[in-house]
Amino acid sequence: MDEVTKHPGRPLWLSAEQRLIYKTSAEMQAFLKGATVQTTRPQKDKAAGLSTEKKAKAIPWVEKYRPKSVDEVAYQDEVVAVLKKSLEGADLPNLLFYGPPGTGKTSTILAAARELYGPVLYRQRVLELNASDERGIQVVREKVKNFAQLTVAGTRQDGKPCPPFKIIILDEADSMTAPAQAALRRTMEKQSRTTRFCLICNYISRIIEPLTSRCSKFRFKPLANQIQEERLLAICDKENLKYTKQSIAALVRVSEGDLRKAITFLQSAARLGVDKEITEKAITDIAGVVPPKMIDNLLQICFKGTFEKLEIAVRDMVDEGYAATTILSQLHESIIEQDLNDKQKSAITEKMAVVSKCLSDGADEYLQMLSLCSVIMQQSSQNN
Amino acid sequence: MSLWVDKYRPTALGKLDFHKEQAAQLRNLVQCGDFPHLLVYGPSGAGKKTRIMCLLRELYGAGVEKLRIEHQTIVAPSKKKIEINTIASNYHLEVNPSDAGNQDRVVIQELIKTVAQSQQIQSSTQREFKVVLLTEVDRLTKDAQHALRRTMEKYMSTCRLILCSTSTSRVIGPIRSRCLAIRVPLPSTEEVCGVLTSVCKKEGLTLPPELAKQISEKSGRNLRKALLMCEACRVQQYPFSVDQEVPVTDWEVYLRETANAIVSQQSPQRLLEVRARLYELLTHCIPPEIIMKGLVTELLSNCDGQLKTEVAHMAAYYEHRLQLGNKAIYHLEAFTAKFMAIYKKFMEDGLDAMMF
Amino acid sequence: MNKLSLGDKIASSNLNHWVDPSFTDLPAESFSLPGRSKVSCSKAEPKRARKRKGEDSRRDPATSYLQKEPGQRDQDEPWVNRYMPCSQAELAVHKKKIEEVENWIRVHTNSSKGGILLLTGPSGCGKTTTVQLLSQELGFRIQEWINPTNLEPYSSSQDEWRMNGFSCSTQLAQFQEFLLRANKYCCLRMTDDDGATEGKLILVEDLPNQFYRQPGRLHDNLRHFVKTSRSPLVFIVSDSLSGDCSSRFLFPREIQEELVISTISFNPVAPTMMIKVLTRISTLEAGKSCGRMSVPEKGVLEMLCMGSSGDIRSAINSLQFFSLPDTSLEKELWRMKKDRPVISVGKVVSRTNQRKNKSKHTKEQEEEQEQAIGVKDASLFLFRALGKILHCKRGNHEAAEGVPAPALSSHLAHHHRKTLLVEPEFVVERSHMSGEFFNLYLHQNYLDFFSEVEDVARASEYLSDADLLTSDWTSRSTMEEYGSSVATRGLLHSNCQQISVGFRPLHKPSWLLVSKKHRENCLAAQSLFRSFCLTPVSLQTELLPYLAKLTSPMRNQAQIAFIQDVGQMSLRSFSIRLKLEALTDKEPGPLVTDAEEEQESARRWRLYHTVEHNVYCFEVTVLQV
């Protein structure tokens, strides 16, 4: 459909071959510009044509177990309530979803759109753009505007009523440049009759004020452990996995309220393990989490040991291949719980912030960790 | 006659010498038929590459070992030509995109596109995807990494990526979450010893366990280095003797001497000499980060107590600057000068304390 | 021979678009028409046209106007032209230099074999004038190359553009042709000249732009010329201080040796000579103007002379400007002059004496004024600029007159320094070098000027700071100034011992060479040992050094050589492979730009997980509360 809307005046006198070229080039163009929904699908169908059986397995569980309807969305009650109302016929405001990753922002809006339009109309009415797509100011001006300008009818082809507007989903909107965001606000206002926008982002602070004020904002909370556990158990049952209580608990722990992460880890563990058995070790391995014992050991050395021992311990951790960022965040958690006074803790966390910045700048992990640990050592030896 | 490192490199997942459990897991993964993108990470010399090649062999059979080096020219949108070397077999393509400097984004996109779009010629192989192996992913620019995540999704049906990096700290979250991360730790000292002994056996040599232990300790658990050391030992002297000196690379010796020079005297004149030595190391292809790290290790062993903490901070501080800055020598020299200053002060204080 | 035919081709293609009538309505076209018509008639009289090739390109309307009406020009002509020296005595060049040039010309015009002479020196020191004067006196002709202004390709249509190829190549070909013909053919006596001209001298003052991009082509041309040369060829190249030192770039030492190019370099005009000339001119002018204008006072002349920093052309120009009756400028200058402490004549004449005698205070002020009046920026040679920073001259306490600066409180007392005698930013600016390069030079040399390691530690940290400031190439252009400011001031501040070190030789930074070598070696390593499939780091730090220790015969020659060069290190302590290259007194900045470096830095990893830091920072604040 995209081609049709894009090239309404496609010449009819082209030969079949020419038309094919025309089509593929248009497809490529759409592909490159990144209309994900429309273009990846046909390709997948083609590829899957021969061995549907095999392909079915290849779908990531994250996709497989994405909520199909708004009702299935876990834990985000307010949004669900609003969306349900609009499903019953009320108007939908422009939406801004924000919250940590894996809390169901994208799933929610996709499910809602699917329910609103049904599978046929969905492709025509929904434009999904995410950050990986080219989303400079030019794209906003042309692609989004063009899509927004199309007017739509209030009924489906099968006669059921459907809302008389289209939805543009801008995933990962916080990575849009400020000028692109600014360009969006005019479009948003102008096309309010026919188009609803749904902006999705992790950090609302990175969306410019004029945009946030035009949307109703919904914060997505990190999922509660119990909810997460329920979901994971359901998936385990459906996939016939062997699991233990501990392994699921570990999964919940490492995923930190990010359901997508949890499901991905679960699938990976299932793939790696023998007989679809999920072990706690497999989970921690995949997550790349440093065993708590190692962290404790490191802290003990910091508190009681010598610098030489510390050097060895840090070198060992780096040699084991643990990422310094992971060590850092785990250290951070346990430092907060340690028996240190506030002044010491603040000195240490300050150093952690510095180290985190340095690491992301590409500084050497060993040296940074050594420097951090020596601060912990210094602090703990003071007035204690 | 090839190097021992290459000659005795295991080629099948079953034959790997250590982390056998992981090898078994990988085999499971391949046998599933389905195969996500992989992110293999671990320190240098842990056998990441070996593991990956074994995995590929498991996937496609011996065909992956027929490698050819290709020189490709990619034209960026800005009409700039980028030259890049790739290593390829019929089934996979290996490339180090960071060779392309800040044009790495284009390289990644173009290469993966070509690989993904060219259909597998032989239908006899049951896999309908090719593998693109990207090395040194942690050195990719942010731009390229973001481009990568889109590319990863786009060509999922015809192409799998295996990313290889020393650490995940510098790999952006979205990529990490799209890959199955596989951590490859360094082999333990015992494991290194084991490998050395078995290699020597295959060569028809007897390696005294004491020497094996010494080598594995000196290598810092880096297996590649250990094997190279062992081979150098062989060249140096055979039959091996127990107390044989393990040959160390010239640059390491040079660096140690440099560190000694710093410790033995602290003056602007000495700094000038040190600078000349640093330049010498740089012209011998030793990356500045490695120089810095080596210097720190040597210097740390030369001082004690409170001073060590201070040196560790300085090292972290200047190594970070080294990464950010433009001209490495400024930062290397600043580190050296700073060390000289505090070391001198420390020694003087010590002397004063002795006097009273 | 084929060069000739090439030239013909170009001439005909030029012709081509003159015939084309459709563009003649363009104003630029019609403007240049008369000049061009000469070429078009070259078909009829080829020889004549060829000979005039050099001249015909002189299409600058102003000069041709001047040449046409010699009667009128006297009035409005700049004094520089009007008082062009007519004899060697009037020439404000040192006698020895004139003699040198004269000898060279004598030798080379008389012999049938020509040679190449390169005249260098700052602008306005009389290089061209000397040659012209000598040509008159010795009685030979000067055939001069002046870049043809290629208006046509730009104003005419694109198609023609393409047909002609690039204009620069045309220019290049024209230059080739010019050299060839000027060399080959004797001057025709076309009009009834004095007829006494015997020798001929080819003079090249401005070179086609292409040569600046590809000096190799110039060298090829010259090689060709030398083989066949009959007449002497003189190049005049101004040393500019702004770093693009063309003489070094266009005529590297190898070429100079290969082609036996003799070089004579001129010095800036000495103040005494300049004063003499200025006095002569002003007296003449005053006489002419019948009292409307008086001879400026000696002080004024001295001021002008100083401001021009040895450029006589600019000095005369400013004299003319200054002498304009009733200008506000004059008053301005007078006022300034009154404010100023007395300057003895000796000051200008012997700067060195003055430097010792005068109090530093006045000298500083003078320098300021020099700038205020100075028509020309007094540029600093790199050597002096570096010296100013490195020697770290500070004033005495007494010198700081007026309100004394508020004293630093006791805990900061060790940061107290006496007032600086130099303005570091000013020095950097006058060195005409990018801050980054200046820093490199400073870095190369600063250690010699320090005695305490603590000071060095601080100084080196400032340098490291400066590098950090300019590391991001996107903001480099703005940050560069700050970077150099931090570096220079940091060095000055941390050098608190203030020992006088006396003369120290300065060196060129070895870093450029080292980093280039590092890059090259790394690339070479990767391409030679690609078959090992290793990452660069492990290749360079593990494989290569051990390969050097192993004996494995399978490698090819290039690999063996490389391993011997790079894999092994000579362990004799302090063997320094790098030769320090001393910086000479009057050497301008380096030629290499560090575009490569920029790339290097650009590709470095940059990713800011700001959010994560926020988390930690947040905690810090919470805990501190």
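Chain identifiers are assigned alphabetically (A, B, ...) following the order of the sequence lines, protein sequences preceding nucleic acid strands; residue numbering begins at 1 within each chain.
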- Message: Among B:S167, B:A24, B:A46, B:S301, which residue has the highest count of heavy-atom pairs closer than 4.5 Å to chain A?
- Response: B:S167

- Message: Please rank B:R183, B:K293, B:Q25 by heavy-atom pairs under 4.5 Å with chain A and give me the top one.
- Response: B:R183

- Task: Hey, could you give me the OG/CG distance between B:S188 and A:D319, rounded to the nearest 0.5 Å?
- Result: 11.5 Å

- Which atoms of B:Q22 come close to chain A, meaning under 4.5 Å heavy atom to heavy atom: side chain ones, backbone ones, both, or neither? neither

- Task: Name the region of A:F265, side chain, backbone, both or neither, that has any atom closer than 4.5 Å to a heavy atom of chain B.
- Result: neither

- Exceeds 12 heavy-atom contacts within 6.0 angstrom, atom CD of B:E21: no

- Query: Relative to chain A, which segment of B:L300 carries a heavy atom at a distance below 4.5 Å: side chain, backbone, both, or neither?
  - Reply: side chain

- Task: Answer whether the closest heavy-atom distance between the side chains of A:V375 and B:H313 falls below 4.5 Å.
- Result: yes

- Task: Could you tell me whether A:R66 atom CZ has more than 12 heavy atoms of other residues or ligands within 6.0 Å of it?
- Result: yes

- Candidate pair B:T309 and A:Q378, rule side chain to side chain donor-acceptor pair (under 3.5 Å), full reasoning: CA-CA 8 Å; B:T309 321; A:Q378 222 172 14; 5.2 Å; no

- Message: Looking at B:R221 and A:E320, is any side-chain nitrogen of the basic one under 4.0 Å from a carboxylate oxygen of the acidic one?
- Response: yes

- Under 4.5 Å to a heavy atom of chain A? For B:A315 that would be both

- Side chain / backbone / both / neither for B:Q306 at chain A, heavy atoms under 4.5 Å: side chain

- Counting heavy-atom pairs under 4.5 Å to chain A, which of B:P36, B:A181, B:S44, B:G42 comes out on top? B:P36

- Message: Could you measure the distance from the SG atom of B:C303 to the CZ atom of A:F307? Nearest 0.5 Å is fine.
- Response: 8.0 Å

- Message: Measuring from atom CD of B:Q323 to atom OG of A:S360, what distance do you get when rounded to the nearest 0.5 angstrom?
- Response: 11.5 Å

- Query: Closest approach of B:L180 and A:S268, non-hydrogen atoms and distance?
  - Reply: CD1-CB, 3.2 Å

- Note on the structure: Whatever's closer than 4.5 Å to a heavy atom in chain B on A:V318 counts as backbone

- Query: Is it true that B:R321 and A:D361 have a side-chain N and a carboxylate O under 4.0 angstrom from each other?
  - Reply: no

- Got a second to check how far A:C358's SG is from B:L324's CG, nearest 0.5 Å? 7.5 Å

- Message: For the CG atom of A:D364 and the CD atom of B:E319, what is their distance to the nearest 0.5 Å?
- Response: 4.5 Å

- Item | A:R315 CZ to B:T297 OG1 distance, which is reported to the nearest 0.5 Å | 6.5 Å

- Message: Between A:S374 and B:K308, is there a side-chain heavy-atom distance shorter than 4.5 Å?
- Response: no

